[in-house]
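Reading through the structure tokens given below for one structure.
All heavy atoms count here, side chains included; hydrogens, waters and symmetry mates do not.
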2 protein chains.
Amino acid sequence: MKFTISEENHIKGVYHLQQQTGLVNTNALACEMQTKAASVTDMLKKLKLKKILQYEKYKGFKLTEMGKKIALSIIRKHRLWEYFLTVKLGFDWAKVHAIAEELEHISSEELIQKLDDFLGNPSFDPHGDPIPDSFGKIPTIKQYNLMQLPIKKKAIVSSVSNQSAQMLEMLKHYKIGIGTPIQITKHFLFDGSLEVKILKNTTCILSEQVAKNIFVYYE
Amino acid sequence: MKFTISEENHIKGVYHLQQQTGLVNTNALACEMQTKAASVTDMLKKLKLKKILQYEKYKGFKLTEMGKKIALSIIRKHRLWEYFLTVKLGFDWAKVHAIAEELEHISSEELIQKLDDFLGNPSFDPHGDPIPDSFGKIPTIKQYNLMQLPIKKKAIVSSVSNQSAQMLEMLKHYKIGIGTPIQITKHFLFDGSLEVKILKNTTCILSEQVAKNIFVYYE
DNA sequence: ATTTATTTTTAGATTTGTCTAAATTTATTT
DNA sequence: AAATAAATTTAGACAAATCTAAAAATAAAT
Ligand SMILES: [Mn+2]
Ligand SMILES: [Mn+2]
Ligand SMILES: [Mn+2]
Ligand SMILES: [Mn+2]
């Protein structure tokens with residue numbers, strides 16, 4: 001089945017909200033979509049008719065299984081494009097969301113499969129969010145950018161977004177790799193650099209430029 | 001100024017038609033856009049108001065300078081995406097047009113500049129059509145795929161779309177490079193292979209798989 | 001120069017997505 | 001339990017993009 005861009009955006013909006021709240025209500029979605037409650041109601045009727053939503057008037061709503069599948073395929077596209085934009089085109093990861101918001105609506109299934117392969121089937125987007133596979137299956141752990149890791153919190157390096165030879169050389173020198181325990185001991189505001197403790201013994205300083213390419217998870 | 005997808009498609013349609021006919025008429029554009037004459041008239045009024053078109057009722061129309069600039073920026077996006085899809089993602093060049101028809105409407109200027117650099121600022125798309133630069137300037141020569149070159153017609157190799165090591169090794173063996181004179185002497189229908197004369201002396205057989213990656217120009 | 005045919009435009013309808021304002025339902029207070 | 005507040009839906013409007021059918025303008029043919 002085909003969906004309009006507006007329908008796709010609404011489906012994705014419901015998905016994100018129901019991850020947190022279970023049932024979603026009209027005002028919340030209106031707020032998420034930067035639109036008005038009346039417009040949301042109209043859209044809900046349409047999506048219910050297309051069997052994307054379980055929806056009872058005044059009672060809130062959530063996605064059907066089919067709805068979830070569609071949401072995940074849009075999220076998959078969004079995050080793969082974000083990955084492409086940062087890793088291949090060198091975009092700052094703050095800028096990629098808005099562009100991926102448009103790219104996620106390109107319809108070709110073959111395109112997204114080939115893009116996925118071209119990128120090496122990445123599991124996480126530049127913000128550390130998991131990328132669903134073509135069946136909608138989501139990697140479980142949640143990653144955080146090292147710059148966002150709370151001070152003193154113990155974490156594990158889970159991925160590095162810049163895979164250039166220079167970056168890898170630098171990480172090798174610091175003995176940082178996938179699975180390395182890491183902990184921020186100090187955050188210098190002057191240049192954004194971090195003092196980090198690695199493997200519970202070595203301590204070193206990472207520039208913001210390096211740190212923002214490193215992702216970690218914890219718990 | 002911002003344009004809708006439909007407006008952009010119409011602007012591009014006018015551009016292509018006026019390349020051949022100078023002034024464009026309503027029915028021709030309706031045919032090109034797979035729509036009806038009445039719909040075209042509505043769109044013309046809107047585009048005239050936005051100063052994209054010079055248009056007098058019943059008299060035909062053509063793009064203003066601004067209209068041309070916009071058309072070229074859309075064509076630039078279209079052809080860069082086509083190049084990306086074939087060279088980076090490995091799409092068959094017959095399939096890329098439909099997908100680029102969607103991708104050309106992604107709005108970010110920065111995206112297209114970075115994509116252009118990532119691709120190595122190519123001058124021609126996979127079909128041999130020239131890619132306008134960011135100022136709208138178009139490379140002059142027209143390229144043809146070697147498979148499309150009329151038999152016996154003398155031509156010059158102008159580009160190769162597959163730049164893999166294997167392909168380059170093969171071309172080196174055949175002594176084929178950019179600027180090499182080439183001429184088809186026979187076309188075997190059984191497997192699509194070509195017998196070609198290179199440099200006016202050597203003759204060799206190129207498989208269809210090789211030949212379809214070679215582009216030439218003539219005159 | 002009329003008549004006929006073709007092209008183009010207008011008039012009016014339809015679908016999609018949005019809005020405001022009013023009505024209705026549900027939730028919260030007194 | 002009644003009154004008030006908040007959330008949600010309905011009713012009615014509008015802009016964008018399309019269509020069909022009819023009218024008007026232009027071109028071609030007799
Ligand atoms: Mn979007
Ligand atoms: Mn993201
Ligand atoms: Mn298009
Ligand atoms: Mn092309």
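The side-chain hydrogen bond (donor to acceptor under 3.5 Å, both in side chains) check on E65(B) picks up K68(B), with sequence neighbours excluded. Scored by the side-chain hydrogen bond (donor to acceptor under 3.5 Å, both in side chains) test, T185(A) finds E195(A) as partners (sequence neighbours excluded). Taking the ring pair (Phe, Tyr, Trp, His ring centres under 6.0 Å) definition, one finds that H127(B) meets it with W93(B), sequence neighbours left out.
A donor-acceptor pair under 3.5 Å links the side-chain atoms of K48(A) to the main chain of Y55(A), judged by distance alone. The backbone N or O of I52(A) lies less than 3.5 Å from a partner atom in the side chain of T64(A), making a donor-acceptor pair. Between the side chain of K77(A) and the backbone N or O of I106(A), at least one donor-acceptor pair lies under 3.5 Å. Judged by distance alone, with hydrogens and angles left aside, the side-chain atoms of K69(A) form no donor-acceptor pair with the main-chain N or O of G136(A) at under 3.5 Å. A distance-only check finds a donor-acceptor pair linking the side chain of R79(B) to the backbone of P130(B) [under 3.5 Å]. A side-chain donor-acceptor contact under 3.5 Å links Q183(A) to the backbone of K152(A).
Put simply, CZ on F3(A) is 15 Å from C1' on dT16(C), counting in whole angstrom units. Rounded to an integer number of Å, the gap from K45(B) NZ to dA16(D) P is 13 Å. Taking atom NZ of residue K2(B) and atom P of nucleotide dA15(D), one finds them 21 Å apart after rounding to whole Å. Distance F61(A) CZ to dA7(D) P: 14 Å, rounded to the nearest Å. Nucleotide dT9(C) holds its C1' atom 11 Å from the CG atom of L44(B), rounded to whole Å.
In secondary-structure terms, DNA chain C builds stems of at least 3 consecutive Watson-Crick or G-U pairs, each pair having both distances under 3.5 Å, at C:1-30 with D:1-30.
Pairs of residues two or more places apart, or lying in two chains, never qualify as side-chain hydrogen bond (donor to acceptor under 3.5 Å, both in side chains) while including a residue from residues 19-35 of chain B. Counting only residues at least two apart or in different chains, side-chain hydrogen bond (donor to acceptor under 3.5 Å, both in side chains) contacts with residues 134-150 of chain B comprise D129(B)-K142(B), Q143(B)-S158(B), Q143(B)-S159(B). Identified under the ring-ring contact (aromatic ring centres under 6.0 Å, His included) test for residues 94-120 of chain A, with sequence neighbours left out: H78(A)-H97(A).
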Q. Where do L146(A) and L206(A) land on the side chain to side chain contact (heavy atoms under 4.5 Å, CB included) test, with the steps shown first?
A. CA-CA 10 Å; L146(A) 186 53; L206(A) 298 179; 3.9 Å; yes
Using distance only, find each side-chain donor-acceptor pair of residues 208-219 of chain A under 3.5 Å and give its atom names and separation, not counting sequence neighbours.
{"from": "N213(A)", "atom 1": "OD1", "to": "S161(A)", "atom 2": "OG", "distance (Å)": "2.9"}
{"from": "N213(A)", "atom 1": "ND2", "to": "Q209(A)", "atom 2": "O", "distance (Å)": "2.9"}

**Q.** Per-nucleotide protein contact string for nucleotides 18-24 of chain D (B base, S sugar-phosphate only, - none; heavy atom under 4.0 Å)
**A.** BBB----
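Near DNA chain D, meaning a heavy atom under 4.0 Å away, the residues from residues 49-56 of chain A are Y55(A). Within residues 18-26 of chain A, the residues approached by DNA chain D to less than 4.0 Å at the level of any non-hydrogen atom are N25(A), T26(A), in residue-number order.
Within 6.0 Å of NZ on K114(A) lie more than 12 heavy atoms contributed by other residues, nucleotides or ligands.
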Dump the pairs, protein N or O against N or O of nucleotides 2-6 of chain C, anything under 3.5 Å, distances to one decimal.
none

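Not one side-chain nitrogen or oxygen of K59(B) sits closer than 4.0 Å to the OP1 or OP2 atom of dT8(C). Between K57(B) and dT7(C) there is no side-chain N or O to OP1 or OP2 distance below 4.0 Å.
Residue E7(A) is tested with K50(A), K2(A), M1(A), K12(A) for a side chain to side chain contact (heavy atoms under 4.5 Å, CB included); the sole match is K50(A).
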